[in-house]
Structure formats: C-alpha cells, structure tokens
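Taking it in order: structure first as structure tokens, then the write-up.
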Amino acid sequence: MPSEIAKLVTDYVRGDVTDAVMTAWLRQACAKGLSYEETRELTQAMVASGETVDLSGIPGFKADKHSTGGVGDKTTLIVAPLAAACGVKIAKMSGRALGHTGGTLDKLEAIPGFRVDLSRQEFIDQVNEIGVAIVSQSGKLVPADQKIYALRDKTDTVASLPLIASSVMCKKIAAGAEYVVLDIKAGNGAFMPDTISARRLADVCIRLGRDSGLAVTALITDMDQPLGLAIGNRLEVQEAIAVLAGQGPPDVIELSSAIVALMVARAGLAPSVTKARRLVDEMLATGAGLRKFGELITAQGGDARVIDDPDSLISAPGRASVRAETTGFVNEFATAKIGSLAKEADGFLLHTKIAAPVAPGLVLAEVFAATDVLAEAVAARLTPLISIGPRRPRRRPLVLDRAGTAP
Ligand code: URA
C-alpha cells in the first residue's frame, strides 16, 4: 500500500492533485516540518516517479557531487575534470540556476558550442572514453522533484530542511553513482543560514543516502561571501580555467581540491585523504586537470581553445567599478542579493574578500554589462551590498564541518 505521501506525489505528477492542494501541503511541511520517516517516503516517492540511471556499463569507481547552491560556486567545472584526471569516473547530471544561485549548465553553455543534451548512450560512452561527462538532468529523472521544485520556487516554499533534503537526495539516488560528496552551504548566500541548520540538513541527507545504499560525505562550507572572485557564467568559466591552470582564488582551489580528495580516497586511489590531496595537487600542478577539461569541452562539442585563451569568451562591452569610499575592512557581503543582481549583468569580478583592508578609491568590484550605462546602474546597486566597517572581522574557515562516510 503506498503511503499517503507516495500517493500525493504520484497523483500530483499525474495531474490528479492540483497545484493548490500541493502548495497547501508544502506550506504545512515548511511550517511544521516532516519526520525522518516522512522525509524518506517523500524522497523514495520522488525517485520512483521516474527513471533511474544505470551506470553499470561504466567500469570503475563512480562519484558524484552536489552543492545546495551558492553564489560564485563554479566547483563542478573544476571537480569533474580534476577527479577524472585522478582516475575517478564522473557521470554527472547538473542543473540550471535557481533563484539567486548559479547553475552549472548555464556556466558550461558560456563556452561556444558546448552541448549538455547528450543521449544516455553518448553520456555513458563519453565517460568510458575520457572519464567524465556533464549533462542536463533528463526530464525522465525524478519528474516529481522537477514539478514540485518549480512549484516551491513560485510559492516560496524552498527553504525547508526536509524538502531540500529529499529534493537533493532523490536526484543523487536516481543518478546512479556509488559515492556522493555534498557541499552544504551555510550563510547569507545559502538556503541554510547557519552552520547548525546546515549540519542538520547534512545529517538527514546522509541518512537518506544510507537508507538507499548510497555513501555520502557532507562538507559544510561558508557562503557568507561569494566563492572565489568571479560571479556570472562567463567569468566563472574563466576562473575555473585559472584554478585548473594552478592559479585562481585560494578558496576555490581549497574547496574543489577537498571534494576531489574525498572522492580519490573513497575510490581507493590513495590510502588516505591527505595522500589523495597530494595527488590532486599534482594534477593541478602538471595541468592534467586542465587538459581533461579541454577533452570534456571537445567531447561535448565545445570550443576548447578557451583553455589556452580564456579571454576569447565573449565579454559584454560595458564596464563600471565599485570603489571604497572609506578606510576600514570589508565586513560583510549581502551574498544572496549580490547573486540576484549579477543576473542583471554579464557578471561581477570582486577584488576583495571579507576582512580585507580597504581605502578610499580602492576598487572593490568590477561590473560587466551590455553597456557602460547599464554597468554604472548595476554598480550603484552593488555598492551598498558590500559593507565596510572600522574593525577587521574574524575570517570564517571555508570548510566549517564534515559529516558522513569517512573515506
Ligand atoms: N537544491 C536542490 O536540489 N533542491 C532544493 O530543494 C534546494 C537546493
């Protein structure tokens, strides 16, 4: 006998339950929460609503990653080729931008010609050939999540721990990998505002994975400021290339390397996470991760010349700068608002991070947009979203906590 939740989900996907009824249920779930059992039923019903991916045609250790969404988070562009360069198989399905957060598919499509709509067979064949593929999630995978998520987005019922946990984990369970690293963001640019709620979300996701035979490690990471310096699809591709070339902002390098090291250790390609990290560092230093990114781009129809010439990515011609008006330190980024504002332009390149000293006239950020006038207008709205104060705030570590399967 299907549970009430399973019936609700099935009937909603079939169109026998209206948006209004589903919204009422979602609002109640947001207000009162769901028990773990209910969360598991919801997750399993969403997995059962569509197809699951069979990766058994790919020999080797298959790992996946998922971020709960942030601003400037381009780690998939780095993690996927870097892990593949280390010998981990990455058959990855990614999503598009949601709300103030960015989406991996949109970033990849900033590369001319890049195709994200491979057939299932092309997807499997490509992973067997080069170790990595990144495609859009098929409409047949967890259709219940796709329909419910769209409704949550419209009805302001996204920020609920059990709804996020089931939405994240149904996708990961259906996507067929044997190990997942979750990057659970905590802070003012994330769905979870603080470390405690992010850790709670991590614990539920880990348990949902375990109950479906999927090993999960969760990193709780800081989203009180954008990750790295680049925000916006084109700029984020350029930053990902810089990181794979052994440069780029230290926080992006740290997070991407930490995720890959967990995968490498879990795959048994190194005896410990510390030793795995050395292998990852080597793949960055030798450019093996960057070469793998080039192979990935070529295999999916993209123009891999961007690897050698990232500036060839077409940039909007308008420019404006945000400058500090006072002396002090960067105290706060209004991260979610910055993420939303970046979507009105080509993107932002930050020149500063929390706790950095500033002086009048110092450039805090550059805005790229279609025209100078638009860039100036966006820059004026970006200025109050970066707060300067007289005291230097304490810098939060990037990785705040770790939970779940120890590799
Ligand atoms: N990411 C998801 O996949 N689902 C959510 O509900 C929130 C973030």
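Whatever order the structure lists them in is the order used to number ligands and atoms, beginning at 1. Scope of the values below: all heavy atoms of this structure, side chains included, with no hydrogens, waters or symmetry mates.
Geometrically, Lys62 does not engage Tyr179 in a cation-pi contact, judged by NZ or CZ lying under 6.0 Å from the ring centre and within 45° of the ring axis. Phe329 does not carry Arg392 over the face of its six-membered ring by the limits of under 6.0 Å from the centre and within 45° of the normal. A cation-pi arrangement is not found for Arg266 relative to Phe61, the charged atom failing to lie both closer than 6.0 Å to the ring centre and inside a 45° cone about the ring normal.
Remark: distances from the non-hydrogen atoms of Val158 to ligand 1 are all 4.0 Å or more.
Here the protein heavy atom with the shortest distance to atom 2 (C) of ligand 1 is Ser167 OG, 3.5 Å. Among all protein heavy atoms, the one lying closest to atom 5 (C) of ligand 1 is Tyr149 CE1, 3.2 Å. Atom 3 (O) of ligand 1 has Lys171 NZ, 2.7 Å as its closest protein atom, hydrogens excluded (heavy atom only).
If you number the atoms of ligand 1 from 1 as listed, the ones under 4.0 Å from a heavy atom of Val168 come out as 1 (N), 2 (C), 3 (O).
The existence of a salt bridge linking Asp11 and Arg14 is confirmed by a sub-4.0 Å separation between a basic side-chain nitrogen and an acidic carboxylate oxygen.
Two residues are said to be in side-chain contact when any heavy atoms from C-beta on lie closer than 4.5 Å; Leu208 and Arg40 meet this criterion.
Not a single N or O atom of Thr68, backbone or side chain, sits closer than 3.5 Å to an N or O atom of ligand 1.
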